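Some notes on the structure that comes next.
Values reported hereafter were calculated over all heavy atoms of this structure, with side chains retained and with hydrogens, waters and symmetry mates removed. Lettering follows sequence order; numbering is per chain, from 1. Quick caveat: nothing in here was measured; it's all calculated off a predicted structure.
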Amino acid sequence: MDKVYNHKDVEERIYKDWEEKGYFKPEINPQGKPYSIILPPTNANGALHFGHAMYVVEDILIRFHRMKGFSALWLPGTDHAGIETQFVFEKKLREQGKSRLDFKREELYEMIKNYVNENRGGIEKQLRRLGFSLDWSREKYTLDNNVIEIVYDTFKKLFADGLAYRAKRLVNYCTFDGTSFSDLEVVHEERKSLLYYIKYGPLVLATTRPETKFGDTAVAVHPNDKRYKKYVGQELEIETVLGKTKIKVIADESVDPEFGTGVVKITPAHDFNDFETGKRHKLPLKQVIGFDGKMNHYAGKFAGLYVKQARKAIVEEMQAKGLIEKIDENYQNRVGLCYKCRNILEPLPLEQWFVRMEPLAKPAIEAVKSKKIKIYPKGFEKRYFQFLENIRDWNISRQIVWGISIPAWFREWKPTKDIVIMGFHQRTEPQVLSGKTKTYRLRDHDFKVGDKFAFENSQTKKIFGYGTIIDIERTVVGKIPLDDRAHGATYKERKELIEAFKFHKPELGVTEKTKAWIYAYSFGFLREGQVHEIYVGEKKPIGEGWIQDKDTFDTWFSSAQWPFSTLMTNCDCKGSGGFFDKFYPTSVMETGYDILPWWVARMAMVGIYRTGKIPFKNILLHGLVNDPLGKKMSKSKGNVVNPLEIVNQYGADAVRFALIYGNATGNDQSLSYPKLEAARKFTNKLWNMARFIEMQKSKIKNQKLENNLTMEQLENIAKHEKDKEMVKKIGELTEKVTEDLEKYNFNYAAEALYESAWHEFADKYIEDVKNRINENSFLILNSSFLILLKLLHPFMPFVTEEIYQRFKFGKSIMIDRWPSFAKASEGKPSL
RNA sequence: GGACGGUUAGCUCAGCGGUAGAGCGCUUCGUUUACAUCGAAGAUGUCAGGGGUUCAAAUCCCUUACCGUCCACCA
């Protein structure tokens, strides 16, 4: 053995050997109880960063359980990372003087696909460098066909249950990147904005966005504001930069009389608050800013200007016309920025797919409250609840090409002459508009599948949408499902349903046995003159004129399904049942706390919804690795440290140990070079302890001493006081490390191991035994060292394996068993 | 505007009800025949400030300050 441990001679060779021998597969413990972790999917196009290095926690758990005899599965996978990847690619295009707009959708998709394929496999190699015992034969990709199928099925189920619906709403739209984002993806930033006080006829109002005034469809005041009471309900004639126009004054509770002048302009198409106010007062949506970020024709001579330019030009002209009373230059507000390009997001009205969150969030909350899912460290429970309790519907449409296309089809509605009308009570109209796809009837409308009909508001007699019948069920009231989300309304008891029917047809004397018809339909709405039908399914429906939804799913929509989509598409290849049955729910979901709402909470919701079971039993969250000065690593700051360089320099074992040692689970840490150096020295110390023992071996006559003894055997043969003490200490250490690992107290275990190995075993025990070595004490020395190695193996897999193989003539430590200790032995022999 | 986390030795951080801990650094001595090193011994802290609970508080409660993070549609 060399005097110094050289990780470069060891790590690559050993990893290859492990992988070739199939040690990472759960099959190596065929009888074991299942233990499973799904690795958070890494960006297929990405490179390793310290966030990935923290997954060492998962490797520790997997190696620990594998040695304990579990059938342990650690399943890797990669994510197409839609927005991330498309934007990286677009940046490349820009460098070549091109843009995404120069290509057709299909072309762009192919280009990105090729680009990703060229880079794929990179991150997997890097994860191997860290020693991660991932079952690579089971690796999945979010764009694998069978994964996509599962994503489609989930979407279809959501649609059929009335939980996925299409609605035109204001979305956070980045006019630079050309896509909308979910609420979570908006970065809010405090900014100093100019607050303009603008004259609206006799009124003055304050706004930061004078350029949206062309989209104003009202001005609002608080209903109790005495100053303005006389104007409410009036139509004011006002002077604008485009000449005279008229505007209505409304009263709305949402107006804060204290802010500005207490008057606010209502621009439903460009402000989230105003959109809501507009809905309450049935104000028209007047979009004056286009998806290209430019003013449209409503802006008159300002049309074609970008928002910023338009604001400047309009303000100048207003000032010239004396329409601006004053400008407050010290006003602070928060603006929503695109998390990718940092441009200001424009709230724009767009028709998108939304997922109703409340029905999904409730069981996810309940799962944690009832301890079916446990969160570690416990402090994160609050954040989990906070997010789920205040959740809003999730916008899952993205206007990018790199992603899973949405299996939905639209077509323009062409009413036929003999269009049939189906009446809906006024109060059910909102249900239909938000995605109701079933209706119960007591009258046979003589519909056939494929028939078209118009939705009519029975009270106002107005047509508000169209539909095509896709399924008809003839039944009786008593057999109508009460908890049918696709019907919009759900009933707790049959009584309520019968009441509802009586409301519409009192003359029939409805009972459970009354005949009923259930019509399921695809639906389309009348909106601003546009009419279209919606159909959900992968295949183009029969009929003319269907066009597929051009959008793709939010990447997190597929990620949210990762625990079951990976397991449903994997098997143990012996035909004895799929991985889903065996490994779902997974044992632990381990990831950085920063994606708790983005990913973990959504997995909990979607997992429970789709499979009826929790997706994982435990949530374990690790902290962030900051730069040595404690600042968050980021490309823009230029302080990103490449973990591979650190691995090259210190060895994977040292990097792993340094990340665990002295850092409480879930806490952030700063990358510490002294700690890395200390960990490197620790690997070297272990190496030299082994070297010392090897040297002693030659002094011993009995050469059969290579076999390690169990704790029980050691206890029996220890004669010398110091030997007995050592055996006792090793037993206690085994117990402590086992407990700490089971409780996810990785740092405790690492610290105890470091302390015991170095300061007890090496400094005290070896120093003592050195001068009195004989066959008996050598056995103790050798065997307790091997136990130490096994305890250390989950943390430092490479050195421990290299030494172990030398001691055991090539046998792997990975297929040895975790040491058991007399006191709390699980009743299994330790070898 | 809400919420969470942090504030402990020069530095990086553990500890979270029972007389202050680790790594690195520092001081002294020793070793260089397991250890590009290692060992032995040592110094160093009103555990952010204030108040409270307790026989006992770095550890629980309240409060203040500073730092950090997350969430939130105020023109």
At under 4.0 Å between heavy atoms, how does the protein contact nucleotides 11-26 of chain B? Give one character per nucleotide, 5' to 3', with B, S or -. -SSSSS-----SSS--
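Under the 4.5 Å side-chain criterion, counting only non-hydrogen atoms from C-beta, A/I324 is not in contact with A/Y197. Inter-residue side-chain proximity for A/L194 and A/R311 is flagged as unmet; no heavy-atom pair is nearer than 4.5 Å.
Between B/A48 and B/G15, the distance separating the two P atoms is 15 Å to the nearest Å. The P atoms of B/A20 and B/C66 are separated by 31 Å, rounded to the nearest whole Å. B/C29 and B/U69: their P atoms are spaced 47 Å apart (whole Å). The gap from the C1' atom of B/G68 to that of B/A56 amounts to 33 Å, rounded to the nearest Å.
Going from atom NE2 of A/H188 over to atom P of B/U69 covers 16 Å, rounded to whole Å. Distance, A/L686 CG to B/C38 P: 13 Å, rounded to whole Å. Distance A/M633 CE to B/U69 C1': 17 Å, rounded to the nearest Å. Atom CD of A/E389 and atom C1' of B/C71 are 13 Å apart (whole Å). Protein atom CZ of A/R383 is 13 Å distant from nucleotide atom P of B/A72, rounded to whole Å.
As judged by a 4.0 angstrom heavy-atom cut-off over every strand, A/Q696 is placed among residues making no nucleic acid contact. Residue A/D763 is classed as a sugar-phosphate contact, given heavy-atom separations below 4.0 Å to backbone atoms only. Looking at heavy-atom distances under 4.0 Å, A/I693 makes no contact with the nucleic acid at all. Residue-level contact check: A/F657 touches neither bases nor backbone, having no heavy atom under 4.0 Å from any strand. Nucleic acid contact for A/A762: base, since at least one base atom lies under 4.0 Å from a heavy atom of the residue. Using a 4.0 Å heavy-atom distance criterion, A/M695 is classed as a sugar-phosphate-only contact.
Ring planes of A/F795 and A/F657: perpendicular class, angle over 60° (limits at 30 and 60°).
Of all the heavy atoms in A/E346 and A/T175, the pair that sits closest is CB-CG2, 4.2 Å.
Rounding to the nearest 0.5 Å places OG1 of A/T800 at 8.5 Å from CG of A/L686.
Between A/F214 and A/Y298, the gap from one ring centroid to the other reaches at least 6.0 Å.
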Annotated structure of RNA chain B as dot-bracket, pair cut-off 3.5 Å, Watson-Crick or G-U only, | for inter-strand, is ((((((((.[[[[.)..(..]]]].(((((.......))))).....[[[[[..)....]]]]])))))))....
Where do N or O atoms of nucleotides 57-61 of chain B meet protein N or O atoms at under 3.5 Å, pair by pair?
none

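Annotated as syn: B/A36, whose glycosidic dihedral is within 90° of 0.
Inspection of the A/T267 and A/D216 side chains reveals an N or O donor paired with an N or O acceptor under 3.5 Å. Side chains of A/E645 and A/Q649: no donor on one and acceptor on the other come within 3.5 Å.
Shown here is A/E358, whose CD atom has no more than 12 heavy atoms of other residues, nucleotides or ligands within 6.0 Å.
The 5' end of RNA chain B is approached more closely, in terms of each residue's nearest nucleotide, by A/K382 than by the other of A/L195 and A/K382.
A donor and an acceptor atom never sit less than 3.5 Å apart when one is taken from the side chain of A/Q386 and the other from the base of B/A72.
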